[in-house]
Amino acid sequence: MAKSPYSRRAFLAGSAALAGAAATPALAQSYNGAGTVEMENDISKVIRHNISSFRTLDWQPYFSNLNKGAVLVDISSRALHFWEQNGTYHLYPSSVPLTDDLTRKGRTQVVLKDPSPDWRPTPSMKQRNPEWPDYVPPGPDNPLGTRALHLSWQYYRIHGTHDTRKIGRRSSNGCIGLYNEHIEALYEMAQVGTQVLLI
């Protein structure tokens, strides 16, 4: 089989140009039903330019129930909030779409859990970036990281990323990105049918 002209370094360099300067590792929080906070990382490592908006939220203003859990993505604060069906709460920093015209807001749901995502650029992505490959198999070169949650909107995903500089930034072509360790945790908790709201 012929070797692809696609280079991981070239693709990541192009992605890094969109992401700008590197972000520091961010905070993930979990809250159990009794209101106890469990910190996964030290607070001093939170994304400093975003700390004022990286706050906990209640689910009731956004969802009528927690059947199958609920995901709220706040585009402006670049945070993903997840409530398990039993009310346990998790907060993760995320990457969000690069521009307003790439941003979709509203209600959707998880329709597929992909344990080993592969990637194909959308037609509009290929038009903007004709040098990008037509296909990237699962693995370390994959822009979708180690897991992906497909949403009911065509081409939209919540997924991991190997390029951690993107987290906490406007850096995606429409999807919501998480650190790989965070998408792996969310992947285990979310279900097909988990409700998702982007605001």
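Basis for what follows: all heavy atoms, side chains included, without hydrogens, waters or symmetry-related copies. This structure is a prediction, so every number in the text was calculated from the model and none was measured.
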Testing the basics here: between [X] and [Y], what is the closest heavy-atom pair and its distance to 0.1 Å?
| X | Y | value |
| --- | --- | --- |
| A190 | L149 | CB-CD1, 4.1 Å |
| L178 | Y92 | CD2-CB, 4.0 Å |
| S64 | W59 | C-CZ3, 3.8 Å |
| P97 | I176 | CD-CD1, 4.1 Å |
| R55 | H81 | O-CE1, 3.2 Å |
| W83 | L57 | CZ2-O, 3.3 Å |

Between atom [atom1] of [X] and atom [atom2] of [Y], what is the distance when rounded to the nearest 0.5 Å?
| X | Y | atom1 | atom2 | answer |
| --- | --- | --- | --- | --- |
| F82 | L186 | CZ | CG | 5.5 Å |
| N173 | R157 | CG | CZ | 13.0 Å |
| R120 | T122 | CZ | OG1 | 13.0 Å |
| Q85 | N67 | CD | CG | 5.5 Å |
| K126 | E131 | NZ | CD | 7.5 Å |

Counting only N and O atoms by type, is there a donor-acceptor contact under 3.5 Å from the side chain of [X] to the main-chain atoms of [Y]?
| X | Y | result |
| --- | --- | --- |
| H159 | T146 | no |
| S172 | C175 | yes |
| D74 | S77 | yes |
| D58 | Q60 | no |
| N142 | P117 | yes |
| S171 | I167 | no |
| Q195 | N65 | yes |
| Q109 | V196 | no |
| T161 | G177 | no |
| R147 | P115 | yes |

Applying side chain to side chain donor-acceptor pair (under 3.5 Å) to S152 and not counting sequence neighbours gives T108
Would you say that [X] contacts [Y] through its side chain, given a criterion of any heavy-atom pair below 4.5 Å between the two side chains?
| X | Y | result |
| --- | --- | --- |
| V110 | L151 | yes |
| H150 | K113 | no |
| Y135 | P133 | no |

ring-ring contact (aromatic ring centres under 6.0 Å, His included) with Y62: which residues, sequence neighbours excluded? none
Any salt bridge linking R169 with D163? Criterion: basic side-chain nitrogen under 4.0 Å from a carboxylate oxygen. no
Can you tell which of D100, V73, I75 makes a side-chain contact (heavy atoms from CB on, under 4.5 Å) with K105? I75
From L80, I199, L91, residue fulfilling side-chain contact (heavy atoms from CB on, under 4.5 Å) relative to L72: I199
Parallel, tilted or perpendicular: ring planes of H182 versus Y179, cut at 30 and 60 degrees: perpendicular
Kindly assign one of parallel, tilted or perpendicular to the pair W153 and Y156, based on the angle between their ring planes and the thresholds 30° and 60°. perpendicular
Would you please test M189 and T88 for side-chain contact (heavy atoms from CB on, under 4.5 Å) and show each step? CA-CA 10 Å; M189 296 181 286; T88 300; over 6 Å; no
Could you walk me through whether L198 and R104 satisfy the side-chain contact (heavy atoms from CB on, under 4.5 Å) test, starting with their C-alpha distance in whole Å, then the side-chain angles of each, then the deciding distance to 0.1 Å, before giving a yes or no? CA-CA 7 Å; L198 278 71; R104 184 158 185 183; 5.6 Å; no
All salt bridge (Lys or Arg N to Asp or Glu O under 4.0 Å) counterparts of D114, not counting sequence neighbours: none
